[in-house]
Amino acid sequence: MGCIGYGYHAVWEITEACNFSCRHCHATSGKPGPDELTTREACQFIRQVRDAGPFQMLVFTGGEPLVRPDIDDLLSCSKDLGLINVIATNGSLIDRKRALELKRLGVKGIAVSFDSTDREIHNYIRRNPRAFDLALRAIEACKAAGMVVQFNYTAMTENLATLKDVVRLCHDVHADIMLCYQLVPMGRGSNIADWCLSPEQNRTLMNTIRRLQRDSITIVEPVAGPQYWPHLLKRDHLNPKSTARPSLLHGCASGWGLVYVKPNGDVWPCPFVPVRGGNVRERSLGDIWRHGDIFVKLRDRNQLKGTCGDCPNRYICGGCRGKAYAATGDPLAEDPTCYIHHTEKPKYLPWNRESIVTVHG
């Protein structure tokens, strides 16, 4: 287990277009990008995902993936190539009829953004007065259609108090998974960097998840908080060196178990690590995944710096590479919100779009 769950994940941001303007969006979604993959290029890319080797699932995200006009064609293409389709969505465009259509297009799982059981808080974060009700409608419709249902919750100071209620709701509706993200100040989210959690709030979050998981049938998975895994080992008095088998626990998934593809084909190791390893218009995804400089570096935990590089937990945790980048501009730097080593709330660098297109290595 680790950040973003078990196994290898190929996540594709199919468009920058979105019908919401959420305060914490790392992608600054709004209008479609000028150089997004065409339908033909997109189907060629999906074939690259299948041929790359480790990926059996393709996650369609955005933006809001369901506003892309050819989304049904892309889902059909992925299904025909034998991939499992998952959609990460704000839920606003899914009713019962649409859920059944998506199921026929090979969508096995749906991940709905859900930031609070308090309607006003959720709608405030999402900047849409109907966001809460539409998200619940989508969850109900997809559950009825027989999909795996996942909640995507982003923890920040603005909504942290409602975490336990979100986990309870997940349990009550029999959601299969809840990804508990932490706010990483990228994109539009850089405007609310003061909502990011401190190291002590990170510790509290880990304790809360552990406690709530005892009574919940929903699997609660921390994202951008890989300290959870050494946290659990310490609870059970296990030695991280004797349990550091990558097949069991790998902590941060950036470059290790996750590949993130932007609308224009740029390949990043994580949505929060805007370092370009290559572009699928120029190189195959498999080649970038195996040989891209940033991917090779991130897989070698001995290249980590600062407290993360010296930490005995680096093979099962590795620190959040996204937070390291947001604070220093270096994805190999130490995680500034690790409560094992830090107490002060970090200061993050100003986000700018130019940093996204810089090629490292």
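Just so you know, these numbers use all the heavy atoms, side chains as well, and skip hydrogens, waters and symmetry mates.
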Single-linkage hydrophobic cluster L83~V259, side-chain heavy atoms < 4.5 angstrom: yes

Heavy-atom check, side chain of C43 versus side chain of F45, under 4.5 Å: no

For the student: nearest non-hydrogen atoms of P226 and C320, plus distance: CG-N, 3.6 Å

Side-chain donor/acceptor of D115 to backbone N/O of T154, under 3.5 Å: yes

I121 backbone acceptor or donor facing D118 side chain under 3.5 Å: yes

Check: Q213 side chain, T218 main-chain N or O, donor-acceptor pair, under 3.5 Å: yes

In one Ile/Leu/Val/Met/Phe/Trp/Tyr side-chain cluster, 4.5 Å: Y348, I192: no

Main-chain N/O of A52 paired to R290 side chain as donor or acceptor, under 3.5 Å: yes

Close aromatic pair by centroid cut-off 6.0 Å: F295 and W256: no

Donor-acceptor pair, side chain of T208 and main chain of T204, under 3.5 angstrom: yes

F114 with W195, same ILVMFWY side-chain cluster at under 4.5 Å: no

E334 side chain reached by K305 side chain, heavy atoms, under 4.5 Å: no

Distance in Å, C77 SG paired with R47 CZ, rounded so as to fall on 0.5 Å steps: 6.0 Å

CD-OG1 distance between E36 and T15, expressed to the nearest 0.5 angstrom: 3.5 Å

Parallel, tilted or perpendicular: rings of H231 and Y228 (30°, 60°): parallel

Residues N85 and S78: side-chain donor-acceptor under 3.5 angstrom: yes

Worked verdict on I14 versus T61 for side chain to side chain contact (heavy atoms under 4.5 Å, CB included): CA-CA 6 Å; I14 68 171; T61 186; over 6 Å; no

Salt-bridge contact R137-E140 (side-chain N to carboxylate O under 4.0 Å): no

Test: R119 and D133 ion pair at under 4.0 Å: yes

Backbone N/O of G286 and side chain of D51: donor-acceptor pair under 3.5 Å: no

F55 and Y8 aromatic ring geometry - parallel, tilted or perpendicular at 30°/60° bounds: perpendicular

Contact check, side chains of I46 and L75, non-hydrogen atoms, under 4.5 Å: no

Evaluation steps, side chain to side chain contact (heavy atoms under 4.5 Å, CB included), between I94 and L66: CA-CA 9 Å; I94 303 178; L66 294 178; 3.5 Å; yes

Short N-O contact, E41 and R281, less than 4.0 angstrom: yes

From SG (C22) to CG (N90), nearest 0.5 Å: 6.5 Å

Validation row: C3, H9 side chains within 4.5 angstrom (heavy atoms): no

Test side chain to side chain contact (heavy atoms under 4.5 Å, CB included) applied to P271 - qualifying residues, sequence neighbours left out: H26, L258, Y260

L232 side chain near R210 side chain, heavy-atom distance below 4.5 Å: yes

Full working for side chain to side chain contact (heavy atoms under 4.5 Å, CB included) between I110 and K143: CA-CA 9 Å; I110 202 85; K143 195 70 180 177; over 6 Å; no

Pair V267-N279, side chain to side chain contact (heavy atoms under 4.5 Å, CB included): steps then yes or no: CA-CA 6 Å; V267 182; N279 188 287; 6.0 Å; no

Rounded distance [0.5 Å steps], CG in N202 versus CD in Q182: 4.5 Å

Heavy atoms of other groups near E282 CD, more than 12 under 6.0 Å: yes

Side-chain donor-acceptor pair present, K345, Q201, cut-off under 3.5 Å: no

Pairwise side-chain contact, L183 with E158, heavy-atom cut-off 4.5 Å (strictly under): no

D35 side-chain N/O to N264 backbone N/O, donor-acceptor pair under 3.5 Å: no

Shortest non-hydrogen contact between R321 and C252, atoms and distance: CG-SG, 3.5 Å

Distance in Å, R283 CZ paired with I288 CD1, rounded so as to fall on 0.5 Å steps: 5.5 Å

Listed partners of R98 passing side-chain hydrogen bond (donor to acceptor under 3.5 Å, both in side chains), at least two apart: D72, E101

Atom pair CE/OH of M178 and Y153 - distance to nearest 0.5 Å: 6.5 Å

Student check: side-chain heavy atoms of P222 and M206 closer than 4.5 Å: yes

Where G91 and A138 come nearest, the two heavy atoms and their spacing: O-CB, 3.3 Å

Check: L285 main-chain N/O paired with Q48 side-chain donor or acceptor under 3.5 Å: yes

Pair T337, D335: side-chain N/O donor-acceptor within cut-off below 3.5 Å: yes

Ring-face cation contact, W229 with R314, 6.0 Å cut, 45° max: no

Side-chain donor or acceptor of R127 paired with backbone N/O of R23 under 3.5 Å: no

Within 6.0 angstrom of K108 NZ, more than 12 heavy atoms from elsewhere: no

Side-chain donor/acceptor of N313 to backbone N/O of P230, under 3.5 Å: no

Flag side-chain contact, heavy atom, 4.5 Å: S21 against R188: yes

